[in-house]
Amino acid sequence: MTEPAAPSAVRLEGPWTHRDVAANGARFHIAELGDGPLVLLLHGFPQFWWTWRHQLVALADAGYRAVAMDLRGVGGSDRTPRGYDPANLALDVTGVIRSLGEPDAALVGHDLGGYLAWTAAAMRPKLVRRLAVVSMPHPRRWRSAMLRDARQTAASSYIWGFQRPWIPERQLTAEDGALVGRLIREWSGPRLPEDEAVETYQRAMCIPSTAHCAIEPYRWLVRSLARPDGIQFNRRMKRPVRVPTLHLHGSLDPVTRTRSAAGSGEYVEAPYRWRLFDGLGHFPHEEDPAAFSTELVNWLADPEPDR
């Protein structure tokens, strides 16, 4: 049983076009703009496709077909009762690439979307042309940091809090999603988001079942650490990424420490570029969209991105 989203809360107006595509047994909402090679944008928590509104325009202007999708259970996509482990969520992503009729895509993922981008590039390498990850270490680096780095464990305290039943969902939706706004502001650098943008994310989180579905991937990540399925997934992620990779991070990110993210290049057997944005927090693509988009577009256009 799936629950539809309230269209007015997530199908926000702009130069893009909204539509739904079927992939991996579910329906996914996308916003798309432009023509050219496909660039597929994956949002993180606690957001939805709209976090990429600036990059949709910049990429389309640069000659790309820019598509931002809502992950399973979020925004305008289906809220299914199960399927929130990273392997299945990554198959959602690659399934959308196929449903769009494209042979491959440059994947751009932030936060959880970055985790899934890493995963998709390892699991379905033929469908990923290039990889750009924002504010998220490689899955094996993330696991190691969560288990061995006390400071990263403390910075990720919200993820540990998600392990409780029902309480996190109620907290996220209480007072019209006030906690969502507080998290976004606390995780940002000094360039705080506009109130209108924060309220947009709060409304989207309050769509029925969204909070539960948004939390489920994090429950799997922690609860599977010592389970056979989690250990097997970690082994699968030993497979190196063999496409050019751009790794972007804000120097003031309080959620994902720079130390945790840096070093992910050891899992990339291809040109790997690390870019640290000084003075930005967890959302560099929103905190300084012009600088971020310029970095991304220039890298995508570079025929030989250096290591």
- [ ] Could you please spell out the steps behind the salt bridge (Lys or Arg N to Asp or Glu O under 4.0 Å) verdict for R130 and D104?
- [x] CA-CA 9 Å; R130 289 200 182 197; D104 55 31; over 6 Å; no
Open item on the list: Do T210 and R79 pair up side chain to side chain, a donor and an acceptor below 3.5 Å, judged on atom types alone?
Closed with: yes
Which atom pairs, donor and acceptor, lie under 3.5 Å between side-chain atoms of residues 52-61 and protein residues at least two apart or in another chain?
unit_1: W52; atom_1: NE1; unit_2: L42; atom_2: O; d: 3.4
unit_1: R53; atom_1: NH1; unit_2: W50; atom_2: O; d: 3.0
unit_1: R53; atom_1: NH1; unit_2: Y201; atom_2: OH; d: 3.4
unit_1: R53; atom_1: NH1; unit_2: E286; atom_2: OE1; d: 2.9
unit_1: R53; atom_1: NH2; unit_2: E286; atom_2: OE1; d: 2.8
unit_1: Q55; atom_1: NE2; unit_2: H285; atom_2: O; d: 3.1
unit_1: Q55; atom_1: NE2; unit_2: S293; atom_2: OG; d: 3.1

TODO: Locate the shortest heavy-atom distance separating F292 from P284; write the atom from each residue and the value.
DONE: CB-O, 3.9 Å
- [ ] Please check if any side-chain donor atom of Q171 sits under 3.5 Å from a side-chain acceptor atom of R164, or the reverse.
- [x] yes
TODO: Tell me, with the steps shown, if R257 and D149 meet salt bridge (Lys or Arg N to Asp or Glu O under 4.0 Å).
DONE: CA-CA 10 Å; R257 300 182 68 223; D149 185 341; 2.9 Å; yes
Task: Pair E32, T17: side-chain N/O donor-acceptor within cut-off below 3.5 Å - done: no
Task: From CA spacing to verdict: salt bridge (Lys or Arg N to Asp or Glu O under 4.0 Å), R65, E102 - done: CA-CA 10 Å; R65 181 188 185 187; E102 298 284 357; 2.9 Å; yes
Open item on the list: Tell me whether D78 is salt-bridged to R72, with the criterion being a basic N under 4.0 Å from an acidic carboxylate O.
Closed with: no
- [ ] Say whether, by atom type as modelled, one donor and one acceptor occur between the side chain of H249 and the main chain of T256 under 3.5 angstrom.
- [x] yes
Open item on the list: Looking at T173 and E169, would you say the former's side chain and the latter's main chain have a donor-acceptor pair under 3.5 Å?
Closed with: yes
- [ ] Measure from the ring center of Y272 to the ring center of Y267 and say whether it is less than 6.0 Å.
- [x] no
- [ ] Indicate whether any N or O donor in one side chain lies under 3.5 Å from an N or O acceptor in the other, for Q152 and S156.
- [x] yes
Open item on the list: Applying salt bridge (Lys or Arg N to Asp or Glu O under 4.0 Å) to R11 and D20, what does each step give before you reach the verdict?
Closed with: CA-CA 11 Å; R11 295 185 183 240; D20 298 322; 2.7 Å; yes
Open item on the list: For A122 versus P125, what's the shortest heavy-atom pair and its separation?
Closed with: O-CD, 3.8 Å
Open item on the list: With no hydrogens and no angle check, just 3.5 Å: does a side-chain donor-acceptor pair link H110 and H43?
Closed with: no
TODO: Give a yes or no on whether the ring-centroid distance for W220 and F233 is below 6.0 angstrom.
DONE: yes
Task: Residues in side-chain hydrogen bond (donor to acceptor under 3.5 Å, both in side chains) contact with R239, at least two apart in sequence or another chain - done: none
- [ ] For side chain to side chain contact (heavy atoms under 4.5 Å, CB included), just list the numbers for V67 and L41, CA-CA rounded to whole Å, side-chain angles, deciding distance to a tenth of an Å, and then say yes or no.
- [x] CA-CA 6 Å; V67 176; L41 303 149; over 6 Å; no
TODO: Answer yes or no: does atom CZ of R259 have more than 12 heavy-atom neighbours from other residues, nucleotides or ligands under 6.0 Å?
DONE: no
TODO: Please report the closest heavy-atom contact between R236 and A87, naming both atoms and the distance.
DONE: NH1-CB, 4.2 Å
Open item on the list: Could you report the tightest heavy-atom contact between L89 and G83, atom names first, then the distance?
Closed with: CD2-O, 3.6 Å
Open item on the list: Once salt bridge (Lys or Arg N to Asp or Glu O under 4.0 Å) is applied, do any residues pair with R227, and if so which ones, sequence neighbours excluded?
Closed with: D229
Open item on the list: Tell me whether the rings of W187 and H282 are parallel (<30°), tilted (30 to 60°) or perpendicular (>60°).
Closed with: perpendicular
Task: Polar contact flag, side-chain donor to acceptor under 3.5 angstrom, Q163-R219 - done: no
Open item on the list: Any donor-acceptor pair under 3.5 Å linking the side-chain atoms of S260 with those of R141?
Closed with: no
Task: Where G114 and V133 come nearest, the two heavy atoms and their spacing - done: CA-CG1, 3.9 Å
- [ ] Answer yes or no on whether R140 is positioned over the face of W118, meaning its NZ or CZ is under 6.0 Å from the six-membered ring centre and within 45° of the axis.
- [x] no
